[in-house]
Amino acid sequence: MADTERPWKRRRVSPPAKHTSTAIRAPKEEFDAQPDGGLDSTALDRAWYDAGESGAVFGDDAPFADTWADRERENALHEKKMAVRQKVNPKFLQRQKDNDAWESNRMLASSVAQTRDQGYVDFSADNDDIRLHLLVHDIKPPFLDGKTIFTKQLEPISAVRDPQSDMAVTARKGSKVVKERRQQKERQKQAQEATAVTGTALGNVMGVKDEDTDSAAPLSGPNGQPIKNAGSKFADSLKKDVGQSDFSRTKSLREQREYLPAFAVREELLRVIRDNQVTIVVGQTGSGKTTQLTQFLYEDGYAANGMIGCTQPRRVAAMSVAKRVSEEMEVKLGGTVGYAIRFEDCTSKETKIKYMTDGVLLRESLTNSDLDQYTCIIMDEAHERALNTDVLMGLIKKVLARRRDLKLIVTSATMNAERFSRFYGGAPEFFIPGRTFPVDIQYSRSPNEDYVDSAVRQVLAIHLNDPPKLSILPIYSQMPADLQAKIFDRAEPGVRKVIVATNIAETSLTVDGIMYVVDCGFSKLKVYNPRMGMDTLQITPISQANASQRAGRAGRTGPGKAFHLYTERAFRDELYIAQIPEIQRTNLANTVLLLKSLGVRDLLDFDFMDPPPQETITTSLFDLWALGALTNLGELTDLGRKMTSFPMDPSLAKLVIMSSNTYGCSEEMLTIVSMLSVPTVFYRPKERLEESDAAREKFFVHDSDHLTLLTVYQQWAANGMKDGWCTKHFLHPKALYRAKEIRQQIEDIMKGLDMPVISCGYDLDIVRQCICSGFYHQAAKRKGLGEYINLRTSVSVQLHPTSALFNSGDPPDYVVYHELILTSKEYMSCVTAVDAHWLADLGGVFYSVKEKGYGAAGRREVEYSKKAELEEAIQFDRERAKQMDSSENGAVIKKKVISNVVKKPISKSSAVVKPTIGRRR
DNA sequence: GAGCACTGC
């Protein structure tokens, strides 16, 4: 079998770092890199391929056949490779010995061998064969030296208004009922179905069987047949809405339009917009602002020289509103009225009214910073303060100063209107009344200790006033679409619906006919901890604005009642007025990179409505620098510029770039990155945990969760991307389809940038190395069973029990992980085993490797690293920064320094051996 | 041996 017949099979591609310039080389790589030292790559390839040929089974009715064959082939090949290596090249082991000898020699001869550097954290592997030490540096780029200020928000922001308040304490404690129920389940499991379980307390009260009250419904139908996926939930819910209200059935579109409150104030609104560059429109629910504003502006001639743009925080909204407006205007969607969301641009040359997500407009500003194509921009739902909305607001403020002809309209709920007005220099507020029904608001008389218990009691109290049968329906975003659709079904006569929802029901979807709302006063909030570089999912008291939004859901189709499960005093004193804007509680690496590429040199000069906390910005800047996206002076590098082309986290963007230009595994990396960009593809219904776990394990690649994801996608693709196949293997079809879309988008971007899409074939070590090149800043070393220590922060972290590496017989010493999540413990999610040498090589900013500690000689060790080079460069840049500081116009870096922290002098002991003579030749 | 918000490019 000649290589030419398999163009996808490529020769091993070396990592970017030049091992030869340092003294150490991992035996494996040394072997591969020696053209004369044994087996050439073609022979290896052949051995590999032959091993595969012998045992392969392919076929449609054996969905896993090719995977298992691959796996076996891989194993067989590995063994063969090792055997061949040792047989064909007996010098191999000898060379290892030689290396050892060489190093001892070098060590003894060298006068620069020093004791351990105190400034380092030393992670020593207790491996008998290779005594390997990974040293961790603590280097900062000059632009982060001292106490440079990047933002007006110096203090961290607390997710709770008052940590001592009743609600904050309750939030931290969690629900006792939930805990007990969990323990009960545990006991039941231990009892091993010895006795049939009859039901829980809750089930007994309601006269419903246990399994009916459980939150997730089974995946299979009544006969155990897998349910075919019903398609996208958006399309579904939109369909069901049609014709639900009598009003929309009996009135023409024109009549409906004129009935809206916005219509009554049309002339006055247009006059205010004409007289002001910025207008804040306070439009309540049901006022018609989203659909009418654009049409008013269009009718008033604003689209004569450009487009009227309207941004939405969510994709569905952008799509469905555009559809509605095109119907009202009796034009084809995509003509005069269009929309643009990720993956879908439904606009044309004729488009005058364009609905889009705020992320799309943000991306557009990358190519046209003055947004010239628009005469008028409406930022809808700005009060939600989504990350992109906030960034856009700062950007547009600058554009408004340059383009006096541009009009901006910001719509907001009542609570935030004044802040927007102030931000835009006292812009007028225009009020449009809403058209909703009155909602009777009730508060608890005393604080509740357990929100789940109180919620159940409250629901039952409402129910017992007029007790028909109850139908309990859960909904959350990760639930399969066909099950989600159930909440929109009309209840049968004599049945009352109870919908148990996450905050998906607060804004994202509307269910008709809700009469009662029970609000527990909490939500799960993702809060970023910059110090630990970690997201935490916290139960947090909601804000007053959230509470009103929840209550308002009872008054959409008739008068309703809302029960808040906290006291009125708590509402007033313990809740923030509005939720903390996303920009202040999230990782900003992405945003900072975007702003840098938009030419914002100093973030302090950027006008944020609410500036992000200092610590978040410094961590983001540091991470970007460590990734190689920023120079030592904090300017964008070529790599950084390339990264902004990709709509994803900077570290993932780096993986894509490295996989294409260095490692030759972009085909694989495209898939992995796409899979990491969607919610988990593994479906784990509560009542079929063991089955679904077993299904997941079939996809495991033992040393990498990333490669496991790759396997899942490849199998899904190989099996025709069928929903039935997904159901059978406990996978979410929706998530996989989305991964496919994302994959296509990234591939298109790569082609646009002339980046080759290549496969590395079966050499998955290449993929792991590439992952290491983008994630070395998130690495950990093994401490115990399943227990690791983060190399840089020394924080103890664990393998998540769903990881492929969990419970594996041979846990790797070093791993990199995709993210850290704090739940009951600090868990690494999506983990890949790496080699310590890769870390030192690819993450030269942070790590260097020492080998062979000679204990008897008093821990005399030699360090090999790129650190000296790096420090030299940093010193050079530091000097440059100083020079810039003294010059007039270049005082960018240091002018914000309050007081310079005196840097510790680099101790003598950190002297580095830089071998000038090669050790082998 | 776990834990469960939501968006967006």
Side-chain angles (χ1 to χ4, degrees), chain A residues 159 174-175 178-179 181-182 185-186 189-190 214-216 311-318 340-345 356-366 381 384-392 452 474-479 500-509 520 522-527 535-540 542 546 579 581-583 585-586 590-591 593-594 643-650 652-653 677-680 682-686 689-690 692-693 696 738 741-742 745-746 749 785-787 798-803 806-807 821-827 829:
Chain A
S175 163
V178 173
K179 263 182 222 144
R181 174 117 171 97
R182 207 170 276 166
K185 281 225 162 167
E186 202 61 29
K189 216 172 117 191
Q190 282 166 5
D214 223 327
S215 60
T311 69
Q312 297 288 327
R314 274 174 296 280
R315 292 157 50 90
V316 218
I341 54 179
R342 186 178 183 181
F343 309 129
E344 220 180 315
D345 187 352
M356 67 201 121
T357 48
D358 37 25
V360 167
L361 189 62
L362 203 56
R363 288 266 148 195
E364 279 182 14
S365 72
L366 267 176
E381 314 285 352
E384 286 187 23
R385 305 295 305 276
L387 175 61
N388 287 338
T389 317
D390 267 23
V391 177
L392 263 180
V452 175
I475 185 156
Y476 51 95
S477 78
Q478 294 270 56
M479 195 161 88
V500 185
T502 62
N503 41 6
I504 190 175
E506 210 178 289
T507 47
S508 301
L509 55 86
C520 67
F522 300 97
S523 71
K524 282 205 169 162
L525 202 68
K526 201 161 145 183
V527 182
D535 281 324
T536 55
L537 200 59
Q538 292 172 5
I539 298 177
T540 323
I542 58 169
N546 291 125
Q579 199 169 59
E582 194 181 359
I583 200 163
R585 54 179 171 86
T586 191
N590 217 339
T591 306
L593 188 67
L594 184 86
M643 281 164 151
T644 56
S645 311
F646 293 93
M648 58 181 82
D649 275 350
L652 291 182
S677 306
V678 297
T680 180
F682 298 110
Y683 183 53
R684 251 180 125 247
K686 271 192 191 123
L689 287 183
E690 277 162 32
S692 55
D693 283 350
R696 193 181 67 247
R738 189 158 170 83
E741 282 181 323
I742 294 175
Q745 190 194 18
I746 307 170
I749 294 172
L785 205 68
E787 177 124 2
Q798 318 255 329
L799 283 174
H800 197 274
T802 53
S803 167
F806 190 84
N807 268 348
I821 298 168
L822 175 73
T823 46
S824 64
K825 287 176 191 158
E826 278 128 7
Y827 286 108
S829 84

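Order of the sequence lines sets the chain letters (A, B, ...), proteins ahead of strands, with each chain counted from 1.
Note on A:Arg342: every side-chain N or O is 4.0 Å or more away from OP1 and OP2 of B:dT7. The phosphate of B:dC6 (OP1 or OP2) has no side-chain N or O of A:Lys524 nearer than 4.0 angstrom. In terms of phosphate contacts, A:Thr357 brings a side-chain nitrogen or oxygen within less than 4.0 Å of OP1 or OP2 of B:dC9. Applying the 4.0 Å criterion to OP1 and OP2 of B:dA5, one finds that A:Ser523 has every side-chain N and O outside that range.
Using a 4.0 Å heavy-atom criterion, one finds that A:Phe806 contacts the sugar-phosphate atoms exclusively. A:Asp693 comes within 4.0 angstrom of a base, heavy atoms only.
Protein atom CG of A:Asn590 is 15 Å distant from nucleotide atom P of B:dG8, rounded to whole Å. In this structure, A:Gln538 places its CD atom 15 Å from C1' of B:dC6, rounding to the nearest Å. For A:Tyr683 and B:dG3, the OH to C1' distance is 15 Å, given to the nearest whole Å. Between the CD1 atom of A:Ile504 and the P atom of B:dG8 there is a distance of 11 Å, rounded to whole Å. The interatomic distance linking A:Ile542 (CD1) with B:dC6 (P) rounds to 16 Å, in whole Å. The CE atom of A:Met479 sits 15 Å away from the C1' atom of B:dC6 (whole-angstrom rounding). The OH-P distance, from A:Tyr476 to B:dC6, rounds to 9 Å in whole Å. To the nearest angstrom, P of B:dT7 lies 10 Å from CZ of A:Arg738.
Applying the side chain to side chain contact (heavy atoms under 4.5 Å, CB included) criterion to A:Glu364, with sequence neighbours excluded, gives A:Lys354, A:Met356, A:Val360, A:Leu361, A:Gln373, A:Tyr374. Taking the salt bridge (charged side-chain N to carboxylate O under 4.0 Å, His left out) definition, one finds that A:Arg314 meets it with A:Glu384, sequence neighbours left out.
Defined by atom type and a distance below 3.5 Å, a donor-acceptor pair is present between the side-chain atoms of A:Asn546 and A:Glu506.
Between A:Ala317 and A:Gln312, the shortest heavy-atom distance links the atoms CB-OE1, 3.7 Å.
Remark: the backbone N or O of A:Arg342 is paired with a side-chain donor or acceptor of A:Arg315 at under 3.5 angstrom.
Nearest to the side-chain atoms of A:Ile341 among the listed nucleotides B:dC4, B:dC9, B:dG3 stands B:dC9. Out of B:dC6, B:dG8, B:dG3, the shortest distance to the side chain of A:Leu689 is found at B:dG3. Distances were taken from every side-chain heavy atom of A:Thr502 (C-beta onward) to each of B:dG3, B:dG8, B:dC6; the shortest belongs to B:dC6. Side chain of A:Lys526, nearest nucleotide from B:dG3, B:dT7, B:dC6: B:dC6. Residue A:Pro801 places its side chain closer to B:dG1 than to any other of B:dC9, B:dG3, B:dG1. You'll find that the side chain of A:Asn503 is closest to B:dC6, out of B:dG8, B:dC6, B:dG3. Proximity note for A:Val360 (side chain, C-beta onward) versus B:dG1, B:dC9, B:dT7: the nearest is B:dC9.
Interatomic distance, A:Thr680 OG1 to A:Arg696 CZ, rounded to the nearest 0.5 Å: 8.0 Å.
Comparing A:Gly359 and A:Val178 by the nucleotide of DNA chain B whose heavy atom lies nearest to each, the residue mapping closer to the 5' end is A:Val178.
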